[in-house]
Amino acid sequence: MLNTPIVRKIPAFDPRENYSVVFQYEGNQVVKNRAVIIDNETYQTIYDQEQERMRLDHIIAANTLSPGKAYQIKIKVYDDFGNESDFSAPVLFYCFTKPIFKFANLTNDMIHRTAVLPVLLNYSQEEGETFRECQINLYSYDYVLATSSNTLFDVSNLSYSFYGLKNESVYYLRATGRTTHDMELDTGYVKVNIQY
């Protein structure tokens, strides 16, 4: 009997893309694993598959699961000699469509005419996954972090102002954060030219 694997905490993800569920395991070299996924509402098994791989993960193919739903997953492993482990403890996770998280008042390569730059963010998510927190970062022209906003928690007021921006300078802004179920939020970099 092999040691029982442990499935790590799974942040919410968009099931329209492939997703790798990572687990921990110590012991003989693993040659395959089996994952069983249960619908958390109906308790029906909706996925039961083996994957031949030595890596300690299981790939859930795109469009296997549905957005706006909760699931439980458990995983067992096998070695080359036909030995197998018990199933891991089940881990609850959520699937959501990727949220919209973007700057409301900035466009890439825009020109801004004052030393003060107010920044506004928009957040929305199709199935109602709630916003947890974010931070807005200001970078110099060479992507070195210059300063950051405080952590913003109020989804109805995702705003912050940066002061003292230098004339004839290029800055990049990027906001990152997470939702209630740990889905990552990232606006990517937006370039702003200061000319006043």
Side-chain angles (χ1 to χ4, degrees), residues 1-102 121-137 151-153 155 158 174-189:
M1 178 69 85
L2 303 181
N3 292 329
T4 304
I6 298 168
V7 177
R8 294 191 188 155
K9 184 179 177 190
I10 302 170
F13 63 90
D14 190 332
R16 298 172 306 173
E17 299 168 6
N18 288 354
Y19 186 80
S20 170
V21 176
V22 177
F23 57 88
Q24 292 170 284
Y25 162 80
E26 289 178 5
N28 296 359
Q29 176 64 59
V30 169
V31 295
K32 72 176 175 181
N33 66 65
R34 176 182 166 201
V36 173
I37 299 176
I38 295 162
D39 183 310
N40 201 52
E41 203 174 353
T42 64
Y43 295 104
Q44 298 293 111
T45 298
I46 54 143
Y47 178 92
D48 185 345
Q49 289 199 8
E50 292 181 351
Q51 289 181 1
E52 292 194 14
R53 53 197 293 118
M54 293 182 177
R55 289 180 48 172
L56 300 182
D57 70 344
H58 187 94
I59 307 295
I60 300 171
N63 301 310
T64 301
L65 306 175
S66 302
K69 291 185 69 85
Y71 299 97
Q72 294 180 38
I73 186 169
K74 56 186 181 179
I75 290 177
K76 65 162 51 182
V77 295
Y78 303 82
D79 70 9
D80 229 354
F81 306 103
N83 300 311
E84 62 184 84
S85 70
D86 285 332
F87 273 110
S88 66
V91 170
L92 178 69
F93 67 94
Y94 296 83
C95 288
F96 297 107
T97 308
K98 190 174 182 174
I100 293 167
F101 182 66
K102 62 182 182 181
L121 283 163
N122 279 344
Y123 170 83
S124 63
Q125 201 287 319
E126 208 172 305
E127 297 86 32
E129 165 68 337
T130 49
F131 174 88
R132 181 190 291 168
E133 64 185 31
C134 76
Q135 191 170 42
I136 306 167
N137 297 310
T151 303
L152 305 174
F153 300 100
V155 74
L158 296 179
R174 179 188 183 195
T176 56
R178 59 188 58 248
T179 69
T180 300
H181 293 105
D182 286 319
M183 213 168 182
E184 288 188 11
L185 304 171
D186 191 340
T187 60
Y189 292 97

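FYI, side chains are in, hydrogens and waters are out, and symmetry mates aren't considered; it's all heavy atoms of this structure.
Across all their heavy atoms, Asp14 and Met183 have their closest contact at N-CE, 3.6 Å. Shortest non-hydrogen contact noted between Ser88 and Val7 is OG-CG2, 3.4 Å. Scanning both residues, Met54 and Gln29, for their nearest heavy atoms gives CB-NE2, 3.3 Å. Contact between Thr4 and Ser85 at its shortest, heavy atoms only, is CA-CB, 4.2 Å. Taking every heavy atom of both residues into account, Ile60 and Val21 meet most closely at CD1-CG2, 3.6 Å. When all heavy atoms are compared, the tightest approach of Asp182 to Pro11 is O-CB, 3.2 Å.
Side-chain contact check for Cys134 versus Leu158: some heavy-atom pair is nearer than 4.5 Å. Between Phe96 and Thr180, every side-chain heavy-atom pair lies at or beyond the 4.5 Å cut-off. The closest side-chain heavy-atom distance from Pro5 to Leu56 is not below 4.5 Å. Counting only heavy atoms from C-beta outward, the side chains of Asn33 and Arg53 approach each other to under 4.5 Å.
Applying the ring pair (Phe, Tyr, Trp, His ring centres under 6.0 Å) criterion to Tyr189, with sequence neighbours excluded, gives Tyr139, Tyr143. In terms of the ring pair (Phe, Tyr, Trp, His ring centres under 6.0 Å) criterion, Tyr25 has no residue partners (sequence neighbours excluded). Every residue two or more places apart in sequence or in another chain that forms a salt bridge (charged side-chain N to carboxylate O under 4.0 Å, His left out) with Lys32 is listed here: Glu50. Under the side chain to side chain donor-acceptor pair (under 3.5 Å) criterion, Asn3 pairs with no residue, sequence neighbours left out.
Counting only residues at least two apart or in different chains, side-chain hydrogen bond (donor to acceptor under 3.5 Å, both in side chains) contacts with residues 91-101 comprise Thr97-Glu127.
Atom CZ of residue Arg34 and atom CZ of residue Phe87 lie 4.0 Å apart, to the nearest 0.5 angstrom. To the nearest 0.5 Å, atoms OG (Ser124) and NZ (Lys102) are separated by 7.5 Å. With values rounded to the nearest 0.5 angstrom, Ile46 atom CD1 is found 10.0 Å from Gln44 atom CD. Rounded to the nearest 0.5 Å, atoms OG1 (Thr187) and CD1 (Ile100) are 14.0 Å apart. Between the CD1 atom of Ile59 and the CD atom of Gln49 there is a distance of 12.0 Å, given to the nearest 0.5 Å. Note: Asn28 CG to Asn83 CG = 6.5 Å, rounded to the nearest 0.5 Å.
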Begin with the C-alpha distance, continue with both residues' side-chain angles, and end with the deciding distance and a verdict on side chain to side chain contact (heavy atoms under 4.5 Å, CB included) for Ile37 and Phe93.
CA-CA 10 Å; Ile37 299 176; Phe93 67 94; 4.2 Å; yes
Run Thr176 and Glu184 through side chain to side chain contact (heavy atoms under 4.5 Å, CB included) and show every step you take.
CA-CA 7 Å; Thr176 56; Glu184 288 188 11; over 6 Å; no
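Using the six-membered ring where Trp is involved, Tyr47 and His58 have ring planes that are perpendicular, over 60° apart on the 30 and 60° scheme. Aromatic ring pairs are classed by plane angle as parallel below 30°, tilted from 30° to 60° and perpendicular above 60°; the pair Tyr123 and Phe101 is perpendicular.
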Show me the donor-acceptor pairs within less than 3.5 Å that the side chains of residues 71-78 make with the rest of the protein, sequence neighbours left out.
unit_1 : atom_1 : unit_2 : atom_2 : d
Tyr71  : OH     : Ser66  : N      : 2.9
Gln72  : NE2    : Asn40  : OD1    : 2.6
Lys76  : NZ     : Glu84  : OE2    : 2.4

